[in-house]
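Data first, discussion second: the structure below is written as structure tokens.
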Amino acid sequence: MSKKNHLPTEFYTGSDPTFIARGLLGKLLCRRVENVVLKAMIVETEAYSHQEKACHAYNLLRTKRTDTMFLKGGVFYVYLCYGVHHMLNVVTNVQGIPDAVLIRAVEPLDGVKRMQSNRKKNNIYELASGPGKTCQAMQVNLIQNAKPCSSADLWIEEGQNVNERGIGVSKRIGVDYAGEDAHLPWRFYLKMSKFVSRYNTK
DNA sequence: CTATCGATCCACT
DNA sequence: GTGGATCGATAGG
């Protein structure tokens, strides 16, 4: 058994979600399915906080779905969107304070053939350039919900160091329903990456 | 119980 | 650029 290079717990619990969303850029999202290991670098994230309307757990709203977000930071929050696509988040903050970071896009590194097969696409730039695509490529579904970010079948490990100046910022995508909070500059991405989702809402 | 609506993607024009 | 797919969670009667 090789020792995994997991992130320390404090990484997930120690700061507000925008800081953690920035910090996750360059980290590696890893998945083991059967005997195949998939690895991909996180290149785009969005922060969600219980204090703003775009968040499922806004105002500490607790439901069957948002229960996961109330767990201590460092677990995955997975849900189904539009009845079709899974979305992968990382829960942050301490227990009882529901904040999270959505993983919106990753750059495939290992197991690319498997991801191409999962996505039924060959173009590497289209394998995980969006939150739904990322889950399809990495074979993430509701079974992963509430599992630790250091699980044997899905985990996050150290990756590239990212220079702050290499990080682009914009408002979040697809949250127009959130009123004024829709304008929060809480989407973060690697400027130089060709693997981010196409949208570039400023 | 029913109605509404997505933290999206893709095919098509 | 636009619209359909598709279904579970959610809120309200």
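Throughout, a chain's letter reflects where its sequence line sits, starting with A, and its residues are numbered from 1. Only heavy atoms go into these numbers, but all of them, side chains included; no hydrogens, no water, no symmetry mates.
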With a cut-off of 3.5 Å and sequence neighbours excluded, list every side-chain donor-acceptor pair involving residues 34-42 of chain A.
from: A:Glu34; atom 1: OE1; to: A:Arg114; atom 2: NH2; distance (Å): 3.4
from: A:Lys39; atom 1: NZ; to: A:Glu157; atom 2: OE2; distance (Å): 2.8

### Query
By salt bridge (Lys or Arg N to Asp or Glu O under 4.0 Å), which residues pair with A:Arg32, not counting sequence neighbours?
none
#### Entry: Length of the line joining A:Asn123:CG and B:dC9:P, which is rounded to integer Å
15 Å
### Message
Using the side-chain hydrogen bond (donor to acceptor under 3.5 Å, both in side chains) criterion, which residues pair with A:Asp153? Sequence neighbours excluded.
### Response
A:Lys147
### Message
In this structure, how many angstroms lie between the P atom of B:dT4 and the OH atom of A:Tyr177, rounded?
### Response
19 Å
### Structure string for DNA chain B in dot-bracket form, Watson-Crick and G-U at under 3.5 Å, | interchain
||||||.|||||.
### Task
For nucleotides C:dG3 and B:dC5, find the distance between their C1' atoms and express it as a whole number of Å.
16 Å
### Distance in angstrom units between A:His50 NE2 and B:dA7 P, rounded
19 Å
### Query
Quick one: on DNA chain C, does A:Leu80 or A:Leu61 contact a more 5' nucleotide (nearest heavy atom)?
A:Leu80
### Task
Return the set of residues passing salt bridge (Lys or Arg N to Asp or Glu O under 4.0 Å) with A:Glu46 (not counting sequence neighbours), or none when no residue passes.
A:Arg104
#### Entry: Residue-phosphate contact under 4.0 Å: A:Arg62 side-chain N/O, C:dT10 OP1/OP2
no
Could you give the side-chain donor-acceptor pairs of residues 18-30 of chain A under 3.5 Å, partners two or more places apart or in another chain?
from: A:Thr18; atom 1: OG1; to: A:Asp16; atom 2: OD1; distance (Å): 2.3
from: A:Arg22; atom 1: NH1; to: A:Glu164; atom 2: OE1; distance (Å): 3.0
from: A:Lys27; atom 1: NZ; to: A:Gly23; atom 2: O; distance (Å): 3.0

### Query
ring-ring contact (aromatic ring centres under 6.0 Å, His included): which pairs involve residues 160-180 of chain A, sequence neighbours left out?
none
### Query
Residues in side chain to side chain contact (heavy atoms under 4.5 Å, CB included) with A:Leu80, at least two apart?
A:His86
### Query
Could A:Arg172 and A:Tyr48 be counted as a cation-pi pair, given that NZ or CZ must be under 6.0 Å from the ring centre and within 45° of the axis?
yes
### Message
Closest approach to the side chain of A:Cys81, judged atom by atom: which nucleotide of B:dA7, B:dC9, C:dG8 is it?
### Response
B:dA7
### Whole angstrom value for the distance that separates P of B:dT8 from CD of A:Glu46
7 Å
### Query
OP1 or OP2 of C:dT10 sitting under 4.0 Å from any side-chain N/O of A:Arg65?
yes
### Query
Given atom CG of A:Asn118 and atom C1' of B:dC9, what is their separation to the nearest angstrom?
16 Å
### Length of the CG-P vector between A:Asp67 and C:dA9, whole Å
12 Å
Below 3.5 Å between N/O atoms, which protein atoms pair up with nucleotides 1-6 of chain C? Just atom names and distances, please.
from: C:dT6; atom 1: O2; to: A:Tyr82; atom 2: O; distance (Å): 2.5

#### Entry: Integer-rounded Å distance: B:dA7 P and A:Tyr77 OH
9 Å
### Task
State whether the side chain of A:Asp99 and the backbone N or O of A:Thr92 hold a donor-acceptor pair below 3.5 Å, judged by distance alone.
no
### Query
How is the hydrophobic cluster of A:Leu61 composed, in terms of its other members, when Ile, Leu, Val, Met, Phe, Trp and Tyr link through side-chain heavy atoms under 4.5 Å apart, directly or indirectly?
none
### Message
By a 5.5 angstrom centroid cut-off and a 30 degree plane limit, is there stacking between A:Tyr79 and C:dA9?
### Response
no
### Task
Respond yes when some side-chain nitrogen or oxygen of A:His56 is under 4.0 Å from OP1 or OP2 of C:dA9, and no when none is.
no
For a quick test of your reading: what N or O donor-acceptor pairs under 3.5 Å do the side chains of residues 120-128 of chain A make, sequence neighbours left out?
from: A:Asn123; atom 1: OD1; to: A:Tyr125; atom 2: N; distance (Å): 2.8

### Distance test, side-chain N/O of A:Arg119 to OP1/OP2 of B:dC9, below 4.0 Å
no
### Summary
Numerically ordered, the residues 91-103 of chain A set in heavy-atom contact under 4.0 Å with DNA chain B is A:Leu102
### Query
Which whole-number value in Å describes the distance from A:Ile143 CD1 to C:dG8 C1'?
16 Å
